[in-house]
Amino acid sequence: MTVTPSKAGSNAPAPQDLVTLTIDGIETSVPKGTLVIRAAEQIGVQIPRFCDHPLLAPVGACRQCLVEVAMPGPDGELRTMMGPPGRVKPQASCTLPVAEGMQVKTQLTSPIADKAQQGVMEQLLINHPLDCPVCDKGGECPLQNQAMTNGRGESRFQEVKRTFPKPINISAQVLLDRERCVLCARCTRFSEQVAGDPFIALVERGALQQVGIYEKEPYRSNFSGNVIQICPVGALTSADYRFRARPFDLVSTPSVAEHDSGGAAIRVDHRRGKVVRRLAWNDPEVNEEWITDKDRFAFHYANRPDRLTHPQVRDGETGELRPASWPEAFAVAARGLRAAGRVGVLTGGRLTREDAYGYAKFARVALGTNDIDFRSRPASAEEEQFLASRVAGRGLGVTYTDLERANAVVLLGLEPEEEAGTLFLRLRKAYRAGGTRIFAVAPFTSNGLRKLGATVVKAAPGEEVPAIEQLAHDGELALDGGGVILVGERLATVPGALSAVAVLASQTGARLAWVPRRAGDRGALDAGCLGSVLPGGRPLADAGARVDVGAVWGSTVPTVPGRDTDGILAAAAAGELGGLVVAGVDLDDLADPTAARAAVASAGFVVSLELRASAVTEHADVVFPVAPVAEKPGSFVSWEGRVRPFEKVLEGSNAVPDVRVLAGIADELGTPLGFQTIEAAAAELDEFASWDGERAADPTVAASPAAPAPAGSHRLATWKTMIGDGPMQDGDPAYHASGPTPTVLVSAATLESLGAAVGDQVELSTDTGTAVLAVGVADLADDVVWAPTSSGGVNLGRDLGAGAGSAVRLSLVPAAAPAVQEAM
Amino acid sequence: MITDETKAELREIAARYPQPRSGLLPMLHLVQSAEGRVTAEGIEACAEILGITAAEVSGVATFYTMYKRRPMGDYHVGVCTNTLCAVMGGDVIFERLKEHLGVGNDETTEDGKITLEHVECNAACDYAPVVMVNWEFMDNQTPESATRLVDDLRAGSEVRSTRGPRICTWREAERVLAGFDDGLADEGPAAGPATLVGLEIARENGWKAPEGGQQ
């Protein structure tokens with residue numbers, strides 16, 4: 001066994017070396033290495049600044065934070081830091097670390113510092129257009145504010161200001177008004193240091209210096225929106241929000257992002273009953289001050305024209321859905337479900353913890369079944385057992401901060417940059433700080449893994465198990481010395497992989513966390529939306545657990561083990577189940593979308609709780625409109641197991657949460673849920689103390705060697721890109737245009753054998769169908785190709801019937817002959 | 001067109017440094033030598049070889065004035081117009097050359113022979129006013145000598161720096177700046193009489209630097 005010095009033991013903060021200095025006459029002691037500007041903040045002194053940002057490396061670019069500094073000399077006497085003879089040289093407090101005995105005078109006590117700051121401000125404003133009345137930033141602008149507090153009232157500059165054509169697109173979403181820029185380099189530093197996408201840089205020099213992209217390469221980043229938020233002037237704006245509102249007309253509400261399991265804190269700004277923008281909120285424990293572009297820009301889905309506004313029931317005569325009153329819809333739903341006999345429940349991954357709990361109880365109490373599954377994606381029984389044994393109801397486990405302290409993090413079936421953006425940023429921070437080494441079992445070295453400096457253990461889809469087994473003996477990885485294993489939901493599709501992960505964790509003592517893609521998955525698991533798992537991670541098979549749950553519910557818990565998603569759909573198609581209750585499930589996300597559509601279409605009785613019209617509502621017998629996250633309170637559970645509560649943003653909305661609908665149906669069924677509101681559901685869920693009894697055993701599924709691809713075809717590796725297709729990303733064309741071009745990645749040898757060049761169109765085909773995508777090259781094995789699961793209108797499951805490990809064929813699409821043009 | 005040979009040389013430059021990125025400045029000079037300016041293709045080649053983005057290369061290529069984005073003439077003629085050279089005649093030389101060549105600052109003559117530019121101090125104030133041809137010194141210039149100089153360059157006759165070395169073309173000079181020696185480095189003296197005159201006077205008078213100065 002390899003022994004590596006453990007960092008875990010040094011978790012307690014070491015007694016810090018404190019440095020004592022005086023700021024504006026106030027003595028203060030701060031840890032060694034603290035910057036003067038931070039030390040001043042700690043005693044409540046705000047020094048004006050633009051370039052300084054606590055999460056970016058200091059740069060001293062804007063010079064706004066000048067202060068007067070004196071240092072004790074060798075003789076102990078204070079000497080002011082001087083410039084030319086006889087003149088004090090003010091120092092940039094954002095790049096100056098504190099020193100023992102240092103004496104700092106800010107603008108509050110030093111006329112010299114004050115004058116220096118006013119001089120810098122006057123310089124910065126020389127070419128600034130002062131177009132605050134038409135600028136998005138006006139009203140929340142550090143330049144505007146600090147020009148008032150630390151600048152001259154009047155400018156002495158009489159000449160013509162420098163102007164630029166405005167604005168220019170640095171990406172489809174991000175716009176740049178160069179004349180407003182004060183060249184603080186926050187955006188370029190963010191893109192390089194934090195996100196690792198340095199597609200913007202300071203170009204040109206002197207009076208023409210500006211932020212720019214390379215002419216052929218837009219600023220494509222999953223995190224590009226952050227530069228808009230940290231821009232201290234109005235130079236960077238979003239196409240989506242530009243000219244939409246004034247900050248002082250907005251109502252801001254803290255909330256939690258609903259697009260991935262990161263649990264990122266956001267701020268939602270709304271005006272006249274509509275959300276107009278979302279910003280990152282500062283949560284140092286979770287997302288720090290960053291969010292993904294999906295969390296920032298993908299919120300228009302709630303205001304699409306196909307939003308459901310009233311209950312509908314299927315008319316017996318016409319066979320069409322018609323509007324119905326709530327009482328009628330409840331009655332029709334209850335009558336239909338009762339008549340259906342056995343009913344399965346599919347909840348999808350978008351639910352809040354409270355709504356998920358509503359479904360978990362509704363299934364057991366009102367429908368008397370364990371046929372409930374939150375996994376609307378390819379899944380397996382092995383995964384269910386893994387979740388029951390290792391994840392469900394475990395509470396807060398590995399945290400973001402733990403990742404920074406870990407010696408090594410290994411990523412299995414997980415592409416953080418695309419599937420868990422907040423996690424990606426923290427992993428990159430950990431990697432850049434130098435203490436955490438990152439490993440991944442993946443089919444190729446993705447850009448995201450490259451930005452994490454990851455050591456990639458290559459494994460073709462279906463061949464992950466031997467690679468995972470090998471990790472226990474990897475001396476370089478040394479999981480036993482304070483390592484963390486992060487498992488993505490995609491590993492569920494590889495037989496034996498999660499069994500091997502459990503063994504790996506046990507063997508090495510490494511900590512384990514499951515990172516699902518969707519925001520609601522962990523909460524649904526904890527709430528009991530899985531056949532074999534009751535609320536709080538209680539195993540259904542355990543009689544004590546059933547008694548526990550029955551005591552809270554005041555009823556008995558059904559004992560027949562539940563089916564999983566695919567099983568429920570198959571049973572519905574076969575008539576074994578008479579009905580379905582379906583929450584926000586996009587059938588295209590399932591392992592076999594075609595079969596799922598057929599199952600829903602042929603199911604006896606379908607109740608759909610949905611936000612917008614979907615493939616499920618099309619076949620539903622009763623459709624209930626439910627509230628999107630902005631229109632209800634609730635909570636998500638992050639991949640860490642951290643409960644992330646949020647308030648209702650749009651107070652005026654009377655859209656109802658799923659819980660209220662379920663309560664209505666349950667009442668009609670004569671089996672009341674016992675709660676009608678989110679708050680009451682949360683209170684009841686909290687009655688379930690953590691489970692300290694037996695857990696399900698780890699899965700022990702043997703690996704089955706992946707079949708080699710038939711001659712002439714390739715094995716498919718696939719996952720979803722962050723910016724891609726999906727109903728919750730609808731409604732912002734600039735957001736979609738800023739995403740990656742959907743591209744099939746192949747090995748260099750495959751590219752050559754196709755006779756294709758990077759960027760050419762290739763056709764991906766199976767016996768089911770074909771799709772045309774651009775082609776790119778990566779360090780894949782020759783018999784493996786990668787393609788995004790659902791991007792650019794192509795959904796591999798729906799269009800090709802293909803998922804991870806499927807055999808696909810590739811051919812070059814001949815370039816259209818340019819001369820031939822069909823007559824109109 | 002960046003040839004495979006140029007690409008190999010670009011890689012060779014990158015390999016000279018512990019951090020390949022340090023090679024970007026000489027690599028861009030090599031691009032100029034091959035292409036006559038910094039082209040998009042050159043920027044992309046550097047980015048690809050160094051594993052950085054084209055935006056980052058572009059940031060560097062647009063910052064330094066020695067990197068040219070418009071096609072250059074065979075000879076780059078730089079007239080120093082900083083204070084000392086300017087008062088010693090640099091301004092007049094620059095005006096005369098603009099008129100004589102029919103081009104403005106940073107423009108190239110129609111025959112593609114000469115690109116004229118006013119340049120910043122080249123540390124040859126002792127020979128002011130100074131004109132640089134492909135970064136070789138032409139000391140103690142006058143408007144007349146400077147016009148003669150550009151006429152000779154355009155006529156293709158051999159021109160030598162006032163300090164000795166033969167003047168090569170701008171592209172050849174760029175190759176030297178990329179770190180590929182042309183063997184001419186030692187042509188001409190390192191310091192001339194005007195450079196050393198202050199030292200002579202100090203010696204004659206026994207002047208020394210004051211004690212306790214810079215260590």
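The structure displayed is predicted, hence computed values, not measured ones. So you know, we letter chains A, B, ... as the sequences are listed, proteins then strands, and number each from 1.
Residues A:Ala201 and B:Ala55 come closest through the heavy atom pair CB-O, 3.4 Å.
Residues A:Tyr214 and B:Glu56 bring no donor and acceptor atom of their side chains to less than 3.5 Å of each other.
In this structure, chain A has no heavy atom under 4.5 Å from any part of B:Ala47. Proximity to chain B (any heavy atom under 4.5 Å) is restricted, for A:Glu217, to the side chain, taken from C-beta onward.
Rounded to the nearest 0.5 Å, atoms CD (A:Gln209) and CZ (B:Phe63) are 7.0 Å apart. Interatomic distance, B:Ile43 CD1 to A:Glu215 CD, rounded to the nearest 0.5 Å: 7.0 Å.
A:Glu752 CD: 12 or fewer foreign heavy atoms inside a 6.0 Å radius. Within a 6.0 Å radius of CD in A:Glu159, more than 12 heavy atoms belonging to other residues, nucleotides or ligands are found. Heavy atoms of other residues, nucleotides or ligands lying less than 6.0 angstrom from NZ of A:Lys89 number 12 at most. Counting heavy atoms of neighbouring residues, nucleotides and ligands inside a 6.0 Å radius, atom CZ of B:Arg70 does not exceed 12 of them.
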